Structures are given as structure tokens and as C-alpha cells.
Amino acid sequence: MKKIVLITGGAGFIGSHLCDLFIGKGCGVICMDNLITGKVDNIRHLLKNRNFKFVKHDVSEKIGITGKIDYILHFASPASPIDYLKYPIQTLKVGSLGTHNALGLAKAKKAVFLLASTSEVYGDPLVNPQPETYWGNVNPIGPRGVYDEAKRFAEAITMAYHRYHKIGTRIVRIFNTYGERMRENDGRAIPNFLSQALANKPITVYGDGSQTRSFCYVSDLVDGVYRLLMSDVNNPVNIGNPNEMSLLKLAKIIIKITRSKSKIVYKALPVDDPKVRRPDITKAKSLLDWKPKVSLEEGLQATIDYFQRLILKSDRKR
Ligand code: UDP
């Protein structure tokens, strides 16, 4: 019997890559998205596939689906700082009510449930790299709190459903991820720097650029998510690339590989911007036999090709 997978946020950046992965494995895929940050363009190539179904729905409202579901991957949420500042209430709702609805559905369908959590549960970490055992340093009332606390609640309710209702659950803590289908204007560092560099416009480094991040290419990330789903690991697992660098260094790498004439300009650092971030992936390595394979240069090149195709497309429309 064909496995049926429900992907909430399936028209988003990571969600749409997961739709591709499960379609490629011969599963039936139900992609659910309210399209506030997701885009139909991300899944347009799948719309005619008879194993694929798109349902426009906000998962913070009750989810009604007839028929069997084997796996639920809960990826619906604004995920970029500018998005969750723009949609603070929706972000809190989808992490809390949306997760509750998706878990209720998993319980009713006896489906395995996987939560897309985040390195933001570690907040502005006082420990670097961050192992899963670190409890984090989060400001609950700051502007990022709407995302961080919603995801922390989502983890708590997922573990409660696992312990109390005995459903199979997985929690992936996703670190900074990039690749094709990120929105050029989604406000995150890589899309911003790439679109600025390709247009020879100033590269906006926030603060002095000494804050660090560790960037994982999307194909590595979805491979890790798949391995986790197929495992029996109920506790959270970090998935990310431990190649940590300062944002200033990232900006310089991007200027170099795009052969851009852009200059770097410094802007104010957003409130509560974490100073360091790097995943400890010991657990993913030992439990899932997973590690990232794609180098930053390869991943950036694929992302640059994608952004250039988008620019060509919008030029043709003009
Ligand atoms: N950042 C930056 N310039 C930009 C966008 C982001 O310097 O145009 C910085 C941001 O302040 C943060 C890092 O890049 O320190 C990563 O930000 P992003 O929004 O990609 O994700 P975050 O890791 O903060 O969730």
C-alpha cells in the first residue's frame, strides 16, 4: 500500500523540497499551506501529478482529511525574522494551535508525526556549539519570542502527545538552511546578500558582522529529516551544517563568487539577534548516520543559478 504523507507548509521553501522527496519515493503527498509565506510556484511542477494534492488551508484552524495518513510533517510557520515580525500572531498560532491540530490528526490517523523545530529554541546561546541537551537562552517577550516560544511550546506538546497518547513523534531542530525556492525578499542573510550582490547593490551586514551562523544546503537538510522520520528517535535531533562563520565572512564569500561590485554597508543589529550559532551534530551522526555533504560554494552556486533564473523570468514579464 502506498504511504500517504501530509506536509503542512508544503508550499514553503523546505516543505516544497519535502514534497519532491516523497513524490520521488512513490508516496502520495498532501501539501497543505495557507500561502502567507509559501508560494504555489514552489509546487507548480507537482500540481498535475496524480500522487500530489494541494489543499489551501490554515492549519491553525481544525484540519479535516478523509482517508489514511501514514506520516505528518509539520512544517507550516513563518520562519524568517522579518516574516515572524510581520505575522507575530499567526506565528504563535501555527506553532501552538497548528501543532495541536496536526498532532490531533496524527493521533486519529495513527500517523507518525514529525515537528519542524528550530535552532531558535536555543535563543541567544551561552553554549557553542549547541547540543540537544542545552536548554537555551530565550527572551520570551522580545520580538523573536513569538517564534522561539511557539516552537518551544510545539516541542513540549509533541513530547506530551508522545508520552501520554503514545504516538510516534520526531522533532528536528533545523539550523540555518538555504537553497533554491527561498524568496529573494525573505529577509534572511543568504537571499539578501545574493540578491544584493547580483544587482551590484550594497550588501547589508547587520551589526559589525562578527555574529556567526552555520549554513546548511537544503538537500542535506531534507535528507536528515527523512532519516529522522524513518528512525525511532523521539527526542530532538539537530540537523544543520557545523561550518560556522561570521556574517562578514559570508558577505565577502558571496561578493567573490558572484564577482559582484557591491560594497558592504553596516546596518543596526536586530533586537536579540543571536551572537553565535553552530549545531553539535554528534547525535545525527551516530543515530541517523547523517552528515552534510554539500559545500558552501556548491550550495551557493546552485542558489545563485536559481536566483538568476528568477531575475530572467521577471525581466521577461516586464
Ligand atoms: N543578517 C545580515 N544582513 C542581512 C540579513 C541578515 O547581516 O541582510 C544577519 C542577521 O542579523 C543574523 C544573520 O545574518 O545575524 C542570520 O540572519 P537570518 O535572518 O538569515 O536568520 P537567523 O539566523 O537570524 O534566524
Side-chain angles (χ1 to χ4, degrees), residues 12-14 37 75 77-88 91 95 116-125 128-130 134 136-139 142-152 172-218 221 238-255 258 260 262-279 296 299-300 303-304 307:
F13 161 46
I14 297 178
T37 59
F75 276 69
S77 178
S80 160
I82 60 162
D83 288 336
Y84 46 77
L85 295 186
K86 191 166 162 199
Y87 303 111
T91 302
S117 185
T118 167
S119 53
E120 282 284 326
V121 299
Y122 303 121
D124 186 4
N128 196 38
Q130 296 81 53
Y134 179 51
N137 177 39
V138 171
N139 174 5
R144 297 175 90 100
V146 296
Y147 185 63
D148 303 8
E149 295 296 4
K151 290 291 188 183
R152 288 169 69 96
V172 55
R173 289 189 180 150
I174 300 173
F175 282 66
N176 294 67
T177 302
Y178 70 99
E180 295 92 316
R181 302 188 192 147
M182 288 187 103
R183 300 187 334 260
E184 327 82 278
N185 59 352
D186 102 342
R188 282 184 277 199
I190 289 188
N192 269 10
F193 290 179
L194 282 182
S195 36
Q196 291 160 346
L198 291 172
N200 293 309
K201 290 195 174 137
I203 308 270
T204 53
V205 167
Y206 300 157
D208 62 3
S210 63
Q211 72 273 30
T212 67
R213 294 293 186 275
S214 314
F215 296 96
C216 184
Y217 185 60
V218 65
L221 190 277
N238 291 337
I239 297 285
N241 192 319
N243 177 18
E244 181 182 6
M245 71 187 64
S246 73
L247 266 291
L248 187 57
K249 182 167 175 209
L250 174 73
K252 288 181 178 163
I253 293 175
I254 287 182
I255 291 175
T258 53
S260 173
S262 296
K263 297 270 171 290
I264 291 173
V265 294
Y266 295 89
K267 302 258 177 191
L269 193 66
V271 177
D272 295 337
D273 198 272
K275 284 177 268 314
V276 290
R277 182 182 290 157
R278 172 187 182 167
L296 184 69
L300 282 178
T303 316
I304 290 167
F307 278 116

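Worth saying up front: this structure is predicted, and the values here are computed from it rather than measured. Scope of the values below: all heavy atoms of this structure, side chains included, with no hydrogens, waters or symmetry mates. Whatever order the structure lists them in is the order used to number ligands and atoms, beginning at 1.
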Counting from 1 in the order shown, the ligand 1 atoms closer than 4.0 Å to a non-hydrogen atom of Pro81 are 19 (O), 25 (O)
I'd like to check Ser117 versus Arg173 (side-chain heavy atoms, cut-off strictly below 4.5 Å). Are they in contact? yes
Provide the number and element of each atom of ligand 1 under 4.0 Å from a heavy atom of Gln211. 9 (C), 11 (O), 15 (O)
Check this for me, if you would: do Arg144 and Glu120 make a salt bridge, where the nitrogen-to-carboxylate-oxygen distance has to be below 4.0 angstrom? yes
Is Arg277 near ligand 1, meaning one of its heavy atoms is under 4.0 Å from it? yes
Starting from atom 7 (O) of ligand 1, which protein heavy atom do you reach first, and at what distance in Å? Tyr206 N, 2.7 Å
Counting only heavy atoms closer than 4.0 Å, does ligand 1 sit against the backbone of Ala189, its side chain, both, or neither? both
Taking non-hydrogen atoms only, is Arg213 closer than 4.0 angstrom to ligand 1 via side chain, backbone, both or neither? side chain
Check Pro270 against ligand 1 and report side chain, backbone, both or neither, counting heavy atoms closer than 4.0 Å. side chain
Considering only protein heavy atoms, which is closest to atom 21 (O) of ligand 1, and at what distance to one decimal place? Asn176 ND2, 3.5 Å
May I ask you to test the Pro274-Arg213 pair for a side-chain heavy-atom distance under 4.5 Å? yes
Less than 4.0 Å is my threshold; does some heavy atom of Glu120 fall inside it relative to ligand 1? yes
Contact partition for Thr204 relative to ligand 1, non-hydrogen atoms under 4.0 Å: both
Note the single closest protein heavy atom to atom 14 (O) of ligand 1, along with its residue, its atom name and the distance in Å. Leu247 CD1, 3.1 Å
Under a heavy-atom criterion of less than 4.0 Å, does Ser80 contact ligand 1? no
Report the nearest protein non-hydrogen atom to atom 25 (O) of ligand 1: residue, atom name, distance rounded to 0.1 Å. Arg144 NH2, 3.1 Å
If only side-chain N and O atoms count, and only distance matters, is there a donor-acceptor pair under 3.5 Å linking Asn241 with Ser214? no
Shortest protein heavy-atom distance from atom 15 (O) of ligand 1, along with the residue and atom involved: Asp273 OD1, 2.6 Å
Check the angle between the aromatic planes of Phe175 and Tyr122 and answer parallel, tilted or perpendicular using the 30° and 60° thresholds. tilted
For Arg188 and ligand 1, does the shortest N/O to N/O distance drop below 3.5 Å? no
Numbering the atoms of ligand 1 from 1, which are under 4.0 Å from a heavy atom of Val205? 7 (O)
Look at Glu244 together with Lys249 and state whether they make a salt bridge at an N to O cut-off of under 4.0 Å. no
Does Val276 reach the side chain of Pro125, with side-chain heavy atoms less than 4.5 Å apart? yes
